[in-house]
S.K.: 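One structure is given below, represented as structure tokens, and several questions about it will come after.
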Amino acid sequence: MDTATLQKQYDSGQRDFSQINLVGANLTDVNLAGANLSGANLMAANLSNANLMGTDLSKANLIVTKLVGANLTGANLVGANLDGANVSQANLTRSHCSEANLTGANLCMANLTEANFQKTTLKGAVLLIGADLIRVDFSGANLSGAVLSGANLTAANLVGANLSEANLSGANLRRANFDGANLREANLLEADLTETNLETANVFGVKRSESSTT
């Protein structure tokens, strides 16, 4: 199906596009809010600035897909594969991304406020530089080697998360919950650790500023 046909069917009221094949499609600025794209193959597609608010993308193939500036507010990305995807500056507020694969993805400056990333894979130097991660749920997530420098993780849930060798330099970690988290050899230089408890976390080899508040 080509992009024009897809948009025409959506505009006529159709919402079920599950399992659709749109590999490499140019879907820039498309409006598919609330559509069912579960299991869709969107590998290498361009969905920059697309309106995907409330869209079901569960188990979708989004490998190296471009989602720059896309609106994914409340979207369902459970079990989706976003390996190497570019999701920078996208809005993922209150999205559901548990058990998704974001290995090597670019989420720089994205808004992930209150998003659910339970047991999600975000390893392989995934980029979360300057991302808004207020109250995000990263419990049980794999963030080993992730780059979160300058990110805002205020009151984030990182219980049992793997942050080994992650870069959290300059990040806002106020009131973040690191209970049982693995921070082995992580970089916390210049991070704000106000009201943050690291007593039950693995902090072996952690780089931390002497002035950091805990």
Side-chain angles (χ1 to χ4, degrees), residues 48-49 64-73 75 77 82-95 97 100-118 120-179 181-198 201-214:
S48 296
N49 299 313
V64 299
T65 297
K66 193 172 182 179
L67 289 151
V68 178
N71 183 358
L72 289 152
T73 303
L77 289 152
L82 292 103
D83 192 331
N86 188 347
V87 200
S88 58
Q89 301 178 58
N91 187 352
L92 290 104
T93 303
R94 295 185 298 281
S95 59
C97 305
N101 177 20
L102 287 107
T103 300
N106 181 353
L107 290 131
C108 292
M109 305 302 293
N111 184 352
L112 282 70
T113 300
E114 298 182 357
N116 185 342
F117 282 83
Q118 290 182 329
T120 299
T121 300
L122 297 110
K123 62 181 182 178
V126 62
L127 299 175
L128 286 151
I129 299 170
D132 194 341
L133 305 167
I134 298 173
R135 294 185 296 279
V136 70
D137 188 350
F138 277 137
S139 56
N142 186 351
L143 288 146
S144 59
V147 182
L148 296 115
S149 52
N152 186 354
L153 287 126
T154 301
N157 181 0
L158 292 143
V159 174
N162 181 3
L163 290 142
S164 58
E165 300 182 3
N167 185 351
L168 291 145
S169 59
N172 184 349
L173 304 173
R174 296 171 66 94
R175 300 189 306 281
N177 188 348
F178 286 95
D179 190 21
N182 180 8
L183 286 158
R184 185 183 179 91
E185 299 184 0
N187 183 351
L188 297 177
L189 292 173
E190 305 302 328
D192 186 348
L193 295 164
T194 305
E195 297 181 51
T196 301
N197 189 349
L198 298 174
N202 178 359
V203 293
F204 180 83
V206 164
K207 299 175 183 177
R208 193 185 331 180
S209 303
E210 293 182 6
S211 58
S212 294
T213 304
T214 56

S.K.: Can you name the nearest heavy-atom pair linking V126 to L102, along with the distance?
M.R.: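 In this case the closest contact between V126 and L102 is CG2-O, 3.6 Å.
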S.K.: Is a side-chain N or O of T196 found less than 3.5 angstrom from the main chain of L173, in a donor-acceptor match?
M.R.: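 Yes; at least one donor-acceptor contact below 3.5 Å.
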S.K.: Donor-acceptor pair, N86 side chain versus S88 backbone, under 3.5 Å?
M.R.: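 A pair under 3.5 Å: yes.
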S.K.: Please report the shortest heavy-atom distance between L168 and A191, naming the atom on each side.
M.R.: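 In terms of heavy atoms, the two residues are closest at O-CB, 3.6 Å.
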S.K.: Consider side chain to side chain contact (heavy atoms under 4.5 Å, CB included). Of N116, L92, T120, V87, which one does L77 pass it with?
M.R.: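 Only one option passes, and that is L92.
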S.K.: Kindly compute the distance separating NZ (K123) from CD (E165), expressed to the nearest 0.5 Å.
M.R.: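 One finds 12.5 Å between NZ of K123 and CD of E165.
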S.K.: With rounding to the nearest 0.5 angstrom, report the CG to CD distance, N49 to Q89.
M.R.: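 Atom-to-atom, N49:CG and Q89:CD are 9.0 Å apart.
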S.K.: Do L133 and T154 touch side chain to side chain, with heavy atoms closer than 4.5 Å?
M.R.: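 Contact flag for L133/T154 side chains = no.
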S.K.: Does the side chain of L107 reach to within under 4.5 Å of the side chain of L112, using non-hydrogen atoms?
M.R.: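 A side-chain contact under 4.5 Å exists here.
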S.K.: Could you pull out the closest heavy-atom pair between L189 and R208, with the gap in Å?
M.R.: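 Heavy atoms of L189 and R208 come nearest at CD2-C, 3.8 Å.
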S.K.: Side-chain contact test, heavy atoms from C-beta onward, threshold under 4.5 Å: evaluate it for I129 versus M109 and give yes or no.
M.R.: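 They are not in side-chain contact.
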S.K.: Can you tell me how far CD of E195 sits from CG of N177, rounded to the nearest 0.5 angstrom?
M.R.: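 Answer rounded to 0.5 Å: 13.0 Å.
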S.K.: For a 4.5 angstrom cut-off between non-hydrogen side-chain atoms, does L163 reach F138?
M.R.: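 A side-chain contact under 4.5 Å is absent here.
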S.K.: Tell me the closest heavy-atom pair linking A141 and F117, and the distance in Å.
M.R.: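 Where A141 meets F117 most closely, the heavy atoms are CB-O, 3.6 Å.
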S.K.: So which atom in C108 and which in N106 form the shortest heavy-atom distance, rounded to 0.1 Å?
M.R.: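 Closest pair (atom of C108, atom of N106, distance): N-OD1, 3.0 Å.
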S.K.: Rounded to the nearest 0.5 Å, what separation is found between the CZ atom of R174 and the CG atom of D192?
M.R.: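 Result: 5.0 Å between the selected atoms.
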S.K.: Provide the closest heavy-atom pair for L143 versus A166 in the form atom of the first, atom of the second, distance.
M.R.: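 Heavy atoms of L143 and A166 come nearest at O-CB, 3.8 Å.
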S.K.: Distance from L153 atom CG to L148 atom CG, nearest 0.5 Å?
M.R.: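 Between atom CG of L153 and atom CG of L148 there are 6.0 Å.
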S.K.: Check the side chains of D83 and T103 for a donor-acceptor pair under 3.5 angstrom, ignoring hydrogens and angles.
M.R.: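 Their side chains do not contain a donor-acceptor pair, so the 3.5 Å distance test is not met.
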S.K.: Kindly indicate whether the side chain of N162, heavy atoms from C-beta on, has any atom under 4.5 Å from the side chain of R184.
M.R.: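 They are not in contact (no side-chain heavy atoms under 4.5 Å apart), so the answer is no.
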S.K.: What verdict does the side chain to side chain contact (heavy atoms under 4.5 Å, CB included) test give for R135 and T113, after you've listed the backbone C-alpha separation in whole Å, the side-chain angles of each residue and the deciding distance to 0.1 Å?
M.R.: CA-CA 6 Å; R135 294 185 296 279; T113 300; 4.2 Å; yes
S.K.: For N111, run the side chain to side chain contact (heavy atoms under 4.5 Å, CB included) check against N71, L72, T93, N152 and tell me which one passes.
M.R.: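 Answer to the side chain to side chain contact (heavy atoms under 4.5 Å, CB included) test with N111 among N71, L72, T93, N152: T93.
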S.K.: Would you check if S169 and E190 make a side-chain contact, meaning some heavy-atom pair closer than 4.5 Å?
M.R.: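 Side-chain contact under 4.5 Å: no.
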S.K.: Any side-chain heavy atom of F178 sitting closer than 4.5 Å to one from N197?
M.R.: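 Side-chain contact under 4.5 Å: no.
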S.K.: Heavy-atom distance under 4.5 Å between the side chains of L198 and L183, does that happen here?
M.R.: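 Yes, their side chains come closer than 4.5 Å.
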S.K.: If I take atom CD from residue E114 and atom OG from residue S95, how far apart are they, to the nearest 0.5 angstrom?
M.R.: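 OG of S95 is found 11.0 Å from CD of E114.
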